[in-house]
Amino acid sequence: MRVDKWRKDWIESPDSRGRSNKMEEKTVKKRSLFLASLALTTCMISTGALANLVDEPIVLFEQDGVKATLTGETEDGGNCAIINVVVENNTDKHLDIEYTGTMNGWSFGNFTLGNASDIKPGSKAKGYLWFMFDDFDLSSNEDVETMDLTFTVKDGESYETLFEVETGEINFSDPMAGAQAGVSGEAAAAEENAAGAAEVETASAAAEPNFVFHTESAATEADSKYETLSVGSSGEAVVRLQEALIEKGVLTGTADGQYGNGTAAAVSAFQESAEIPATGSADSTTQEVLYGEYVEPEVNVAEALQTATWLFNGGENHILNGISFTDTTATIAQVYFDGNGKHESESNAFPYVLDDAGIHLTLLDGSEMEIAYEVKNGQLVLNNGEWKRVDEVKAGLQGNWTAKYSSSGMTVEHHVVIEGNLFRSENANSNYYYYGPYEGNYELNFGGFDAEFMHAGKWFYNIIDGEVTLMYYDHLFERTEEGLKGQNGYSF
């Protein structure tokens, strides 16, 4: 795990300084517990239960009669994240527990488990993991993504270390892939499926699911009449394009031969009116239609089906379906989004028949699922365009987005600008903390973004009412004329 920042230990443990004086160890213990208590007092300004980080408790460790379980419950700590942990002490000793490690890639030194000092033999205690927002670049509890912890269990009287144990990485977007001890892969998957999404129809046993996420359709420009023009293009070809757009009434001003954002917006407007995928780039098809030269090409529907992936709503705002085809089967996959991130359900394959009337999938109960299709401007279109190819989703994400919602007792506001393959975002909360801007290039995956900028794994998308919609976890975004507002641009 990459570590970008460290937090200075509030106190060095006796072992790290190589000292063994028992009186000094007790003094160190008292100071450590005092600092932990002081920090928690600072955190717990206004407590109140919030949504769980995980659907099922995660066993952090179970060793030598001591068991620690992360319940996933969080508390509103004002300016810090507080995550509940239940400790069971089945030993004959009083126990204290410290932890260190990384959270979201940020390293920290020894912390004492809050509210769980001097755990008595044969008892349980409800403790806390706690992380200050400022120290870990958090704006709310929902921003906690990963932890990789080392716990030190100590004798509460002598303060001697009894044992240390590592959890491995805990991923709250996929918690069962982390520290859950003694749970097989199949059992974990079964528990995860029971937690959430609406089920896609069960596949026929004869059909093997093979969902393929095609990032580009098979449309080529082998016989293209015009070179594709896009932002940054210039010259006589752009002048002709702009003059035609002005004549159509979608572009104002003069034809200056520079393809900027205004020209791209005009191209998108024309494409929408002509029922061409609104990409903002003027490919050969767009220019031919614009200049009145377009002739509908022959499209092999069977081949076109197998070279694209279509994405469509799964019946709820937080569920996205995808479908891909072979020559005999259609595979439907599903992802769903919640406060823990993106989750994949099992994919299912169905035999289908293609004819002039449509695409006919045979479901397990023998009923048929009908998919309408047509060819428009050289592209295969499914279900009147409400099912989107991946390139259409990318085109639909372009532009400015915003969302405002309440989290951990604060108002949080996000702004996002997507231009081509560049994703830029920032956010601020009503405590007047500003984060960003974060930016980087991306590629789409099934329901989300492959990128390396901070928090990239929290951004998703769906098709809602036939329109591409940006999401942060399960928060829906709206289009806006505003771009990034900057650090001083927020007021609550």
Taking side chain as C-beta onward, heavy atoms only, is [X] less than 4.5 Å from [Y]?
| X | Y | result |
| --- | --- | --- |
| V393 | L444 | yes |
| L129 | I82 | no |
| V412 | K404 | no |
| T69 | L60 | no |
| N348 | Q334 | no |
| Q306 | D327 | yes |
| I83 | L70 | yes |
| V417 | E419 | yes |

Side chains of [Y] and [X]: any donor to acceptor distance under 3.5 Å?
| X | Y | answer |
| --- | --- | --- |
| Y435 | H455 | no |
| D365 | S367 | yes |
| D338 | H343 | yes |

Can a donor-acceptor pair be found, under 3.5 Å and without considering hydrogens, that links the side chain of [X] to the backbone of [Y]?
| X | Y | answer |
| --- | --- | --- |
| S347 | A333 | no |
| E169 | M147 | no |
| T102 | S107 | no |
| N383 | G385 | no |
| Q287 | E227 | yes |

[X] and [Y]: aromatic ring centres closer than 6.0 Å?
| X | Y | value |
| --- | --- | --- |
| F477 | W401 | no |
| F446 | F211 | yes |
| H414 | Y472 | yes |

F136 vs F108 aromatic rings, parallel, tilted or perpendicular, using cut-offs 30° and 60°?
->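 If you compare the ring of F136 with that of F108, the planes turn out perpendicular.
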Measure up the F61 and F151 rings against each other and bin them: parallel (under 30°), tilted (30 to 60°), perpendicular (over 60°).
->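 Geometry flag for F151 against F61: tilted rings.
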Any ion pair linking [Y] and [X] (charged N to carboxylate O, less than 4.0 Å)?
| X | Y | value |
| --- | --- | --- |
| R240 | E243 | no |
| K225 | E293 | yes |
| K376 | E374 | yes |

With a distance cut-off below 6.0 Å to the six-membered ring centre and an angular limit of 45° from the axis, does K485 pair with Y490 as a cation-pi contact?
->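 Pair K485/Y490 counts as cation-pi.
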